[in-house]
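Structure first, then comments.
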Amino acid sequence: MANILHLDENDVASRAMRGVLSRVGHRCVSITSAPDAWTALRDLVKFDLAFVELKLKGENGIAFIGRLREDNFLQRLPVVVYTSVGDQAVVKKALSLRIQNYLIKPYNDASIYAEISKANANPWRNMFFEEEKSFCAQMGFTASDLRTMRERLLDEIDRLCALLPLFNVDDRQKEISASIDTLCGNSEAAGYWGLVDLLGKLKTKIEIKRWEELPPFIYDLEYAKKLLFCQIHPEHLPEGFLSETERKEKEESRERARWMDTDIRISGPLVQRSGVLAQLDGLPGFPVMDTVAASFLMFADGQASNLANIAELVSRDPGLTAQVLVAVNKIEREDMNVVEDPRTAISLLGEIRLSSLARTLPIIDERHMQMPPVTWPHYWMFLMGVARLAQYTCRNLEMEDIEPNAYTAGLLHDLGKLLLLKLYPFGFQAIVAHAKSHSEPLHVAEQSYIDITTREMAIHFSELSGLPECYRNVIRWVETPQDSAADAELVAAVSLARFLCLHNHVGYCGDTPHDEAPCIEETPAWQILRTRIFPSFNIRQFEAQAHAFSKELRQELLGRLR
């Protein structure tokens with residue numbers, strides 16, 4: 001594998017070169033200007049070859065190569081001119097700059113691979129160092145001895161770089177000269193001839209008192225240090241060479257380790273409550289799973305039939321349902337009553353607003369919820385189960401006035417986990433793993449890791465976003481319906497549905513009841529709902545039917561998942 005610099009201001013050419021190189025595993029850093037290419041070469045060091053287009057805005061390709069050939073180190077970098085310029089005078093000028101080859105566009109895969117093989121046959125960076133094996137044999141070193149000597153040079157270079165800016169202080173000039181002599185001797189002993197040559201030029205400047213020419217040597221010494229580090233650590237790859245996917249994976253790896261490897265019993269929460277709330281305040285809307293968001297965008301863009309299809313999709317997803325309700329209640333309408341029905345919201349928003357909404361949704365990667373038994377399919381199944389059972393409860397208790405809202409409230413009642421997943425995907429994974437291994441409720445683990453529960457997160461964000469109040473009340477009191485100060489019957493219907501889903505294992509939300517299901521009559525939710533039924537209501541029959549419906553629903557939703 002080779003690391004290639006491609007200097008060409010044409011975006012099509014850059015994409016073509018990256019495609020040619022990636023097919024055989026080479027890395028490519030595409031640069032569009034000579035100054036940026038120079039910066040990349042000095043910062044990243046580990047380039048094996050440069051392909052250069054001569055036609056550039058500002059500093060052209062010939063001038064850029066000429067500057068390379070004057071550099072203490074980069075003068076040895078192999079350069080292939082790959083250009084649309086075929087003028088003989090230009091070709092002659094380029095060849096005089098000791099380029100490896102001069103090729104005319106369009107790109108040819110075989111020619112590109114051949115030039116890379118030629119450059120890799122005698123890597124240019126190795127020319128600044130003695131070959132390790134033969135040098136050790138000649139000097140009586142072990143490979144470990146040589147590595148130690150070269151590692152010491154890193155600190156010595158740093159010390160000289162710190163001293164050089166003091167060249168105009170009389171009593172420091174002898175110290176600078178002595179430091180150069182020591183570093184030069186140690187560099188020679190370690191077989192770093194590139195540094196020996198640089199120090200020789202530096203010493204000459206000092207001897208003839210050309211003090212004003214010393215500062216650029218600091219720049220070269222810093223590059224010499226990077227070059228040495230890469231020689232000591234051949235496996236090291238600067239992040240600038242990583243693809244977007246690789247960079248993301250590396251960042252994720254660090255973030256995952258931060259959450260998964262920390263013992264919060266010692267460290268305390270990894271994020272404080274104030275930090276979580278600040279993050280929530282910056283979210284543009286309720287998050288939606290990437291797979292669901294893709295379907296929503298397809299529907300909203302008119303690529304699939306009509307609003308009825310959008311309504312069906314939205315009615316089965318908590319994030320979408322919350323978002324359309326928030327969006328519709330923010331627009332100016334003749335009737336400014338609060339819209340609580342998602343299907344009505346979709347009709348009022350219309351295709352244009354829905355298309356715009358689809359492009360601004362915060363997205364969650366579904367893979368971040370793969371913490372079996374907590375997975376997106378099973379969590380979705382739990383939310384759908386609560387929605388359907390809340391609707392079933394209202395129908396059987398003859399509470400038709402709140403039945404439509406009961407379904408929506410059941411779908412929205414646990415929105416906090418989606419917020420956590422969006423803000424801290426690996427935090428979610430660590431919390432689930434901790435709760436499972438320590439056999440403690442999920443909300444306890446949440447408090448331990450982020451100093452707040454997902455229910456509190458949902459309450460805060462729902463109020464901030466303007467989610468209809470009846471749904472905010474359900475989110476707030478669903479686990480303690482006896483405390484509900486408003487919409488008590490709606491809260492109780494969802495709370496009872498949640499109870500039935502938990503005990504009948506309809507999906508999975510992260511918490512599993514460890515006791516047998518008590519009678520419905522003993523639940524806090526029933527103490528509220530009982531006031532709505534006639535004295536002749538058969539609670540035993542309702543309870544049996546509710547558990548039976550829960551099991552039927554479980555099979556139905558499992559079948560839909562399959």
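Scope of the values below: all heavy atoms of this structure, side chains included, with no hydrogens, waters or symmetry mates. The structure displayed is predicted, hence computed values, not measured ones.
- Ion pairing of Lys248 with Glu244 is absent here, as no side-chain N (NZ or NE/NH1/NH2) approaches a carboxylate O to less than 4.0 Å.
- The closest side-chain heavy-atom distance from His413 to Leu383 is below 4.5 Å.
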Please determine whether side-chain contact (heavy atoms from CB on, under 4.5 Å) holds for the pair Leu164 and Leu221, giving the CA-CA distance in whole Å, both sets of side-chain angles, and the decisive distance to 0.1 Å. CA-CA 10 Å; Leu164 274 184; Leu221 283 167; 3.6 Å; yes
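- Taking the side chain as every heavy atom from C-beta outward, Tyr192 and Gln231 never approach each other to under 4.5 Å.
- Nearest heavy atom pair, residue Phe286 against residue Pro362, reads O-CD, 3.6 Å.
- In this structure, the side chains of Arg554 and His505 come closer than 4.5 Å at one or more pairs of heavy atoms.
- Here the closest heavy-atom approach between residue Asn329 and residue Pro468 is recorded as ND2-CG, 3.8 Å.
- Put simply, SG on Cys161 and OH on Tyr219 are 13.0 Å apart, with the number rounded to the nearest 0.5 Å.
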Please report the C-alpha distance between Met457 and Ile450 in whole Å, then the side-chain angles of each, then the deciding distance to 0.1 Å, and finally whether the side-chain contact (heavy atoms from CB on, under 4.5 Å) criterion is met. CA-CA 10 Å; Met457 290 172 65; Ile450 58 173; 3.8 Å; yes
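- Note: Trp376 and Tyr379 have tilted aromatic rings, judged against thresholds of 30 and 60 degrees for the angle between ring planes.
- Judged purely by atom type and a 3.5 angstrom limit, Asp48 uses its side chain to pair as donor or acceptor with the backbone of Asn3.
- In this structure, CG on Leu415 lies 11.5 Å from CD1 on Ile459, to the nearest 0.5 angstrom.
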Dump the intermediate steps for side-chain contact (heavy atoms from CB on, under 4.5 Å) on Thr408 and Glu340, then the final yes or no. CA-CA 8 Å; Thr408 302; Glu340 297 172 350; over 6 Å; no
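- Side chain of Ser253 to backbone of Glu249: no donor-acceptor contact under 3.5 angstrom is found.
- Between Trp477 and Ala486, the shortest heavy-atom contact is CZ3-N, 3.9 Å.
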How far apart are the C-alpha atoms of Phe296 and Val288, what are their side-chain angles, what is the distance that settles it, and do they pass the side-chain contact (heavy atoms from CB on, under 4.5 Å) test? CA-CA 10 Å; Phe296 183 57; Val288 177; over 6 Å; no
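- Residues Val474 and Ala409 approach most closely at CG2-CB, 3.9 Å, considering heavy atoms.
- Side chain to side chain, Thr142 and Asp145 meet the donor-acceptor criterion of an N or O pair below 3.5 Å.
- In this structure, the side chains of Leu195 and Leu227 stay at 4.5 Å or more apart for every pair of heavy atoms.
- Checked by atom type and distance alone, the side chain of Gln429 pairs as donor or acceptor with a backbone atom of His368 at under 3.5 Å.
- Closest non-hydrogen pair, Ile31 versus Ala37, comes out as CG2-N, 3.3 Å.
- Contact check on Asp220 versus Arg42 returns a salt bridge, with a Lys/Arg side-chain nitrogen under 4.0 Å from an Asp/Glu carboxylate oxygen.
- In this structure, CD1 on Ile520 lies 5.0 Å from NE2 on His547, to the nearest 0.5 angstrom.
- For Ala406 against Gln391, the heavy-atom pair with the smallest separation is CB-N, 4.2 Å.
- The closest side-chain heavy-atom distance from His460 to Leu277 is below 4.5 Å.
- Dense packing is recorded around NZ of Lys46, with more than 12 heavy atoms of other residues, nucleotides or ligands lying under 6.0 Å away.
- With respect to Arg476 and Asp483, no salt bridge is recorded, no charged nitrogen being found less than 4.0 Å from a carboxylate O.
- Checking Ser179 against Arg159 by side-chain atom types alone, no donor-acceptor pair falls below 3.5 Å.
- Using a 4.5 Å cut-off on side-chain heavy atoms (C-beta onward), Met139 and Met149 make no contact.
- The side chain to side chain contact (heavy atoms under 4.5 Å, CB included) test with Leu320 is passed by exactly one of Ile346, Leu357, Val314: Val314.
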His236 and Phe241: CA distance, side-chain angles, deciding distance, ring-ring contact (aromatic ring centres under 6.0 Å, His included) verdict: CA-CA 11 Å; His236 170 70; Phe241 288 109; 9.3 Å; no
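- Here the side chains of Val478 and Arg455 are in contact, with some heavy-atom distance below 4.5 Å.
- Of the inter-residue distances, the one linking Asn405 atom CG with Glu489 atom CD reads 12.5 Å to the nearest 0.5 angstrom.
- Annotation: the span from Arg273 atom CZ to Ile452 atom CD1 amounts to 4.0 Å, rounded to 0.5 Å.
- Residues Glu251 and Arg247 are not paired through a salt bridge, judged by the lack of any N-O separation under 4.0 Å between the basic side chain and the carboxylate.
- Gln527 places a side-chain N or O within 3.5 Å of a backbone atom of Glu521 that can act as its donor or acceptor partner.
- Screening Arg254, Glu255, Met260, Arg256 for a side chain to side chain contact (heavy atoms under 4.5 Å, CB included) with Arg258, the sole residue that qualifies is Glu255.
- Side-chain atoms of Leu198 and Tyr223, non-hydrogen and from C-beta on, never get closer than 4.5 Å to each other.
- Atom CZ of Arg18 sits about 13.0 Å away from atom CZ of Arg23, to the nearest 0.5 Å.
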